[in-house]
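In what follows, a single structure is set out as structure tokens and then discussed.
Computed over heavy atoms, backbone and side chain alike; hydrogens, waters and symmetry mates excluded.
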Amino acid sequence: MSATPHQPTVTEREARQVAEAAREQDWRKPSFAKELFLGRFRLDLIHPHPMPPDEDAQRGEEFLAKLRDFCETKVDGALIEREAQIPDEVINGLKELGALGMKIDTKYGGLGLTQVYYNKALALAGSASPAIGVLLSAHQSIGVPQPLKLFGTQEQRDQFLPRCARTDISAFLLTEPDVGSDPARLATTAIPDGEDYVLDGVKLWTTNGVVADLLVVMARVPKSEDHKGGITAFVVETNSPGITVENRNSFMGLRGIENGVTRFHQVRVPAANRIGPEGAGLKIALTTLNTGRLSLPASCVAAGKWCLKIAREWSAAREQWGKPVAYHEAVGSKISFIAATTFALEAVLDLSSQMADEDRNDIRIEGALAKLYASEMAWLMADELVQIRGGRGFETAESLAARGERAIPAEQILRDLRINRIFEGSTEIMHLLIAREAVDAHLSVAGDLIDPEKSLSDKAKAGANAGVFYAKWLPKLVAGAGQLPGAYGDFHPDGHVDLSGHLRFVERTARKLARSTFYAMSRWQGRMETKQGFLGRIVDIGAELFAMSAVCVRAELLRTTEDHGREAYQLADVFCRQARIRVDELFGRLWTNTDDLDGKVVKGVMSGTYEWLEHGIVDPSGEGPWIADATPGPSKRDNLHRPIR
């Protein structure tokens with residue numbers, strides 16, 4: 001589809017440059033995951049497992065108790081699913097509870113919870129109704145509170161945070177009808193006009209947008225003599241003249257979310273509402289997401305816990321061939337996978353969250369890995385639960401109840417979880433984002449060497465720098481603690497399963513992963529960025545190694561501080577054994593795959609060579625353009641904005 005007249009036209013290189021400019025360029029703090037991709041297993045960065053201060057834990061537990069009571073007595077998840085809307089009285093109850101201000105500092109009227117307890121609260125609320133989890137996380141993780149906390153002025157915080165803590169719902173508006181993960185083509189404009197900016201454009205998939213009171217809007221400021229220009233972030237009052245919620249979108253899952261299409265026509269926004277300088281919008285968005293992405297793993301952990309509970313209860317009650325189905329190996333392996341993976345996801349989430357709270361480490365890769373890994377694995381767990389339940393897994397909870405059986409919404413959890421593989425960066429985009437960070441050290445010393453637009457003198461200088469770096473780095477990838485039989489002995493306490501071998505595997509495999517990345521860069525050089533299949537597998541291996549590290553550290557924490565140490569060690573052992581099988585498969589597919597053949601087939605499909613294969617069907621799709629027209633101008637639709645008071 002050709003670009004509409006108002007749509008910026010950019011080349012692939014220009015788009016990459018915009019994305020690159022928005023990255024955090026420096027690494028001021030250590031990063032466990034970054035070191036892992038470089039072949040350095042820095043267990044000291046995550047072990048002993050960091051812990052929250054006692055007062056933070058006490059405050060968090062007190063709120064969780066109140067939230068649990070509210071969810072058990074005031075929330076009807078089946079009603080929300082059936083009516084595709086969270087009742088106003090539930091949202092107002094959450095406001096009174098302080099749930100809108102979980103992450104907001106107490107001096108602004110918030111609860112001041114840590115990231116760890118904020119995620120526990122999201123998991124709890126999301127288990128009652130995933131739509132409530134989304135409402136709360138979209139408001140606090142990426143809505144107005146987080147960007148203002150990181151980049152806002154004191155005046156902006158004083159003005160908006162007290163409202164966000166108690167009464168006002170917020171939303172984040174970046175995506176447009178023809179702009180997804182390629183922000184260089186952002187079409188919404190913010191034209192400077194005196195002390196204001198004038199916004200024009202259309203935003204798509206505005207989660208919370210239908211009921212929001214405040215918006216974070218990304219818009220393009222034109223470059224001029226007095227303005228740096230670029231994609232810029234603004235706080236916008238939803239009741240401003242010229243804002244129209246044109247549609248409330250419906251989805252296969254998360255039926256209660258208030259997601260819409262929002263049009264801006266000549267909307268005046270005070271310059272005082274600009275967050276950060278002009279042109280900093282994408283960097284603000286990406287930095288906000290570093291910790292904001294952790295809300296999605298929280299919902300995945302909740303889903304895993306529920307899947308395990310239902311799988312256990314159903315598999316004990318359902319008998320086939322003389323014994324409960326749990327004791328048939330085909331079903332038992334699925335239950336084992338769900339149990340071990342739930343333990344792993346919680347380990348990854350809590351470790352990443354606690355590191356975010358301590359702020360000692362740079363967690364941009366850890367947060368992204370947590371989102372990527374949890375969204376993929378939670379979907380698999382839900383799919384296995386549906387399989388375990390058989391026909392009842394495919395049947396709706398309402399139908400089950402109508403014929404007298406327990407209303408188990410297994411098919412709903414599958415539908416609700418599916419979006420997590422797309423939300424806040426699809427799996428494919430997360431692969432590329434993490435891969436870019438994982439190879440940052442290489443590009444910083446050898447980037448000019450593989451850049452076709454650099455001069456010979458630049459390449460020569462880069463070659464010299466690369467030679468120095470690799471002369472020091474490559475020899476360290478030959479041997480390490482993973483080859484020493486007694487290494488990581490702390491993870492083999494008396495009477496417990498031995499986890500030390502798994503950590504030695506992580507250390508050896510991290511070096512192998514780094515060698516594979518270096519070899520690929522040497523082989524493909526400037527074409528490396530086009531090898532998305534290879535890069536995705538590299539990232540997936542890193543995700544498995546990160547998860548293995550997290551489960552071992554969590555198991556040791558539970559052994560030394562709680563009552564379930566022995567069981568935790570058993571779950572960690574099973575998970576690591578399952579993960580090692582996946583890692584071996586991924587390494588095999590690094591070099592033995594159909595990537596090149598797939599590319600040839602794609603060219604054939606797109607040129608019509610295989611169009612004959614589509615014959616013999618009826619296409620039930622309706623008429624209309626692939627992408628709705630988003631030409632700026634006044635709205636021709638009713639305003640569906642529905643503030644909740």
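To the nearest 0.5 Å, atoms CG (Asp362) and CG (Asn290) are separated by 7.0 Å. Of the inter-residue distances, the one linking Tyr519 atom OH with Lys512 atom NZ reads 14.0 Å to the nearest 0.5 angstrom. Arg293 CZ to Ser141 OG: the interatomic distance, rounded to the nearest 0.5 Å, is 11.5 Å. Taken to the nearest 0.5 Å, the OG atom of Ser295 stands 9.5 Å off from the CG atom of Leu349. Once rounded to the nearest 0.5 Å, the distance linking CZ of Phe518 with CG of Leu474 reads 4.5 Å. With rounding to the nearest 0.5 Å, the separation of CZ in Arg42 from CG in Leu36 is 11.5 Å.
Looking at Lys371, its side chain does come within 3.5 Å of a backbone N or O of Asn420 through a donor-acceptor pair. Side chain of Asp584 to main chain of Ile581: no donor-acceptor pair is present (N/O by atom type, distance under 3.5 Å, no hydrogens or angles). For the pair Arg220 (side chain) and Leu186 (backbone), a donor-acceptor distance under 3.5 Å is present. The backbone N or O of Ile541 lies less than 3.5 Å from no partner atom in the side chain of Glu544, so there is not a single donor-acceptor pair. For the pair Asp416 (side chain) and Gly253 (backbone), a donor-acceptor distance under 3.5 Å is absent. Remark: the backbone N or O of Val134 is paired with a side-chain donor or acceptor of Ser137 at under 3.5 angstrom. Looking at Ser607, its side chain does come within 3.5 Å of a backbone N or O of Gly604 through a donor-acceptor pair. A donor-acceptor pair is defined here as one N or O able to donate and one able to accept, closer than 3.5 Å; such a pair exists between the side chain of Glu278 and the backbone of Lys228. In this structure a side-chain-to-backbone donor-acceptor pair under 3.5 Å is missing from Arg360 to Met355. At least one donor-acceptor pair closer than 3.5 Å links the side chain of Asp357 to the backbone N or O of Val116.
With respect to Glu437 and Arg364, a salt bridge is recorded, a charged nitrogen being found less than 4.0 Å from a carboxylate O. With respect to the salt-bridge test (charged N to carboxylate O, under 4.0 angstrom), the residues Asp595 and Lys531 do not qualify. Using a 4.0 Å cut-off between a side-chain N of Lys or Arg and a carboxylate O of Asp or Glu, Lys305 and Glu346 qualify as a salt bridge. Checked for salt-bridge contact, Lys600 and Asp596 miss the test: no charged N lies under 4.0 Å from a carboxylate O. Ion pairing of Arg554 with Asp350 is present here, as a side-chain N (NZ or NE/NH1/NH2) and a carboxylate O approach within less than 4.0 Å.
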**OP:** Show your reasoning for whether side-chain contact (heavy atoms from CB on, under 4.5 Å) applies to Phe343 and Val574.
**Re:** CA-CA 10 Å; Phe343 180 76; Val574 172; over 6 Å; no
Original post:
Do Phe32 and Ser549 pass the side-chain contact (heavy atoms from CB on, under 4.5 Å) test, and can you show the C-alpha distance, the side-chain angles, and the key distance before you say yes or no?
Top reply: CA-CA 10 Å; Phe32 174 80; Ser549 305; 3.6 Å; yes
Original post:
Checking side-chain contact (heavy atoms from CB on, under 4.5 Å) for the pair Phe587/Thr509: CA distance, chi angles, key distance, verdict?
Top reply: CA-CA 10 Å; Phe587 267 115; Thr509 307; 3.3 Å; yes
Subject >> Residues Arg418, Arg415; criterion side-chain contact (heavy atoms from CB on, under 4.5 Å); working and verdict >> reply: CA-CA 5 Å; Arg418 184 60 183 83; Arg415 289 186 287 103; 6.0 Å; no
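Contact annotation: the side chain of Arg511 approaches that of Gln483 to within less than 4.5 Å [non-hydrogen atoms, C-beta and beyond]. Counting heavy atoms from C-beta outward, Leu372 and Asp540 have side chains that approach closer than 4.5 Å. Taking 4.5 Å as the limit, some side-chain heavy atom of Pro145 sits within range of a side-chain heavy atom of His139. Between Ile419 and Phe251, the closest side-chain pair of non-hydrogen atoms is not below 4.5 Å. Within the 4.5 Å cutoff, no side-chain heavy atoms of Gln532 are placed close to those of Glu428. You'll find the side chain of Thr517 stays beyond 4.5 Å of the side chain of Phe37, heavy atoms only. The closest side-chain heavy-atom distance from Val202 to Pro177 is below 4.5 Å. Looking at Phe505 and Cys576, their side chains never come closer than 4.5 Å, going by heavy atoms from C-beta outward.
Ring geometry for Phe534 against Trp524 counts as perpendicular: the plane angle is over 60°, on a 0 to 90° scale with 30° as the lower cut. Between Trp473 and Phe469, the two ring planes are parallel [angle under 30°; tilted spans 30° to 60°].
Not counting sequence neighbours, Gln354 has no partner by the side-chain hydrogen bond (donor to acceptor under 3.5 Å, both in side chains) test. Residues satisfying the side-chain hydrogen bond (donor to acceptor under 3.5 Å, both in side chains) criterion with Lys29, sequence neighbours excluded, are Asp359. In this view, His47 and Phe491 satisfy the ring pair (Phe, Tyr, Trp, His ring centres under 6.0 Å) rule, not counting sequence neighbours.
Counting heavy atoms of neighbouring residues, nucleotides and ligands inside a 6.0 Å radius, atom CG of Asp44 exceeds 12 of them. Dense packing is recorded around CD of Gln578, with more than 12 heavy atoms of other residues, nucleotides or ligands lying under 6.0 Å away. Few gaps surround CH2 on Trp379; more than 12 heavy atoms of other groups in view lie less than 6.0 Å from it.
Closest of all the heavy-atom pairs between Leu45 and Ser31 is CD1-C, 4.0 Å. Closest approach of Ala374 to Leu345, counting heavy atoms only: CA-CD2, 3.8 Å. What you find for Ala487 and Ser500 is that their closest heavy atoms are O-CB, 3.7 Å. Between Ile538 and Ser516 the shortest heavy-atom distance is CD1-CB, 4.4 Å. Looking at every heavy atom in both residues, Asn119 comes nearest to Ala298 through O-CB, 3.5 Å. In this structure, Ile434 and Ala368 approach most closely via the heavy-atom pair CG1-CB, 3.6 Å.
Phe546 has its ring centre no less than 6.0 Å from the ring centre of Tyr373.
Side-chain contact check for Thr291 and Gln115: no donor-acceptor pair (N or O, by modelled atom type) lies under 3.5 Å. No donor-acceptor contact under 3.5 angstrom links the side chains of Tyr118 and Ser353, judged on distance only.
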